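I have placed the structure first, in the form of structure tokens, so that the comments after it can refer back to it.
What's counted below: heavy atoms across the whole structure, side chains too, no hydrogens, waters or symmetry copies. Quick caveat: nothing in here was measured; it's all calculated off a predicted structure.
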Amino acid sequence: MLIELLKQLASACKKLASDSINPSPDIERQVEAILEAIGGVENILETGACASRLRLELITTEFVDRQQLQQTGAYGVIVLDEKNVHIVYGFKANLYSQVIESRLVSLN
């Protein structure tokens, strides 16, 4: 039983690593919906993530649509001030941050 659990864990880790390198079309669509809900990629100054939160520094949080973010699967939306927002996504937060970062880099 333990060996089977370890195999399942190893398989899940491989899939997560693969998704980080080559995001699935679903992840791309989810990120597109997130970007739409925060005013677009042009509104982002910086992105980061912790274990469960997508941390964004924005030009303005004025465009943040909490309801739309919750429809993307967010467990919570915390607007810290006029430039910073944390969006709670659980373990997908880091992956979302990486995809957003790649889009920011491609803009420059």
Side-chain angles (χ1 to χ4, degrees):
M1 176 125 169
L2 180 60
I3 292 173
E4 186 59 36
L5 287 173
L6 290 173
K7 286 180 182 178
Q8 290 175 359
L9 179 60
S11 176
C13 288
K14 285 179 187 176
K15 181 175 180 352
L16 182 59
S18 173
D19 286 350
S20 296
I21 295 167
N22 299 309
S24 72
D26 287 340
I27 296 294
E28 292 289 342
R29 281 191 292 277
Q30 291 166 354
V31 167
E32 196 58 43
I34 293 166
L35 293 174
E36 183 179 314
I38 60 156
V41 70
E42 303 83 9
N43 192 32
I44 300 173
L45 296 172
E46 191 172 325
T47 181
C50 67
S52 64
R53 293 181 183 195
L54 174 61
R55 298 177 178 193
L56 299 172
E57 181 182 356
L58 306 174
I59 293 170
T60 179
T61 56
E62 175 183 344
F63 303 116
V64 173
D65 185 332
R66 292 172 188 262
Q67 185 175 12
Q68 192 173 353
L69 287 168
Q70 288 176 335
Q71 290 173 354
T72 69
Y75 298 110
V77 179
I78 303 122
V79 177
L80 299 172
D81 56 34
E82 49 289 325
K83 288 192 173 197
N84 293 283
V85 63
H86 291 186
I87 308 165
V88 182
Y89 280 111
F91 293 115
K92 287 186 177 183
N94 190 48
L95 181 56
Y96 290 158
S97 179
Q98 290 173 5
V99 173
I100 292 170
E101 182 67 32
S102 70
R103 291 193 183 190
L104 287 172
V105 167
S106 69
L107 284 179
N108 296 325

Item to check | Contacts of R103 that satisfy salt bridge (charged side-chain N to carboxylate O under 4.0 Å, His left out) - sequence neighbours left out | outcome: E28, E32
Item to check | S97 (side chain) donor-acceptor with R55 (main chain) under 3.5 angstrom | outcome: no
Item to check | Between T72 and Y89: side-chain donor-acceptor atoms closer than 3.5 Å | outcome: yes
Next on the checklist: Contact between V79 and R66 at the side-chain level, heavy atoms closer than 4.5 Å - yes or no?
Outcome noted: yes
Checklist entry - Got a second to check how far Q98's CD is from I27's CD1, nearest 0.5 Å? => result 10.5 Å
Checklist entry - Is there a path of hydrophobic side-chain contacts, each under 4.5 Å between heavy atoms of I, L, V, M, F, W or Y residues, that connects L107 with L35? => result yes
Checklist entry - What are the two closest non-hydrogen atoms of V77 and A74, and how far apart are they? => result CG2-CB, 4.4 Å
Next on the checklist: Could you work out, with side-chain contact (heavy atoms from CB on, under 4.5 Å) as the rule, every residue matching E36, not counting sequence neighbours?
Outcome noted: Q68
Checklist entry - What's the shortest heavy-atom distance between K83 and T61, and which atoms? => result C-CG2, 3.7 Å
Next on the checklist: Using the rule side-chain contact (heavy atoms from CB on, under 4.5 Å), only one of V88, V85, I87 pairs with I78; which is it?
Outcome noted: V88
Next on the checklist: For a 4.5 angstrom cut-off between non-hydrogen side-chain atoms, does L56 reach V64?
Outcome noted: no
Checklist entry - Looking at L54 and A93, what are the two nearest heavy atoms and their distance? => result N-CB, 3.6 Å
Item to check | Separation of T47 OG1 from L58 CG (nearest 0.5 Å) | outcome: 9.0 Å
Next on the checklist: Is it the case that the side chain of N43 and the backbone of T60 share a donor-acceptor pair, with hydrogens and angles ignored and the cut-off at 3.5 Å?
Outcome noted: yes
Item to check | Closest non-hydrogen atom pair, N94 against A49 | outcome: CA-CB, 3.6 Å
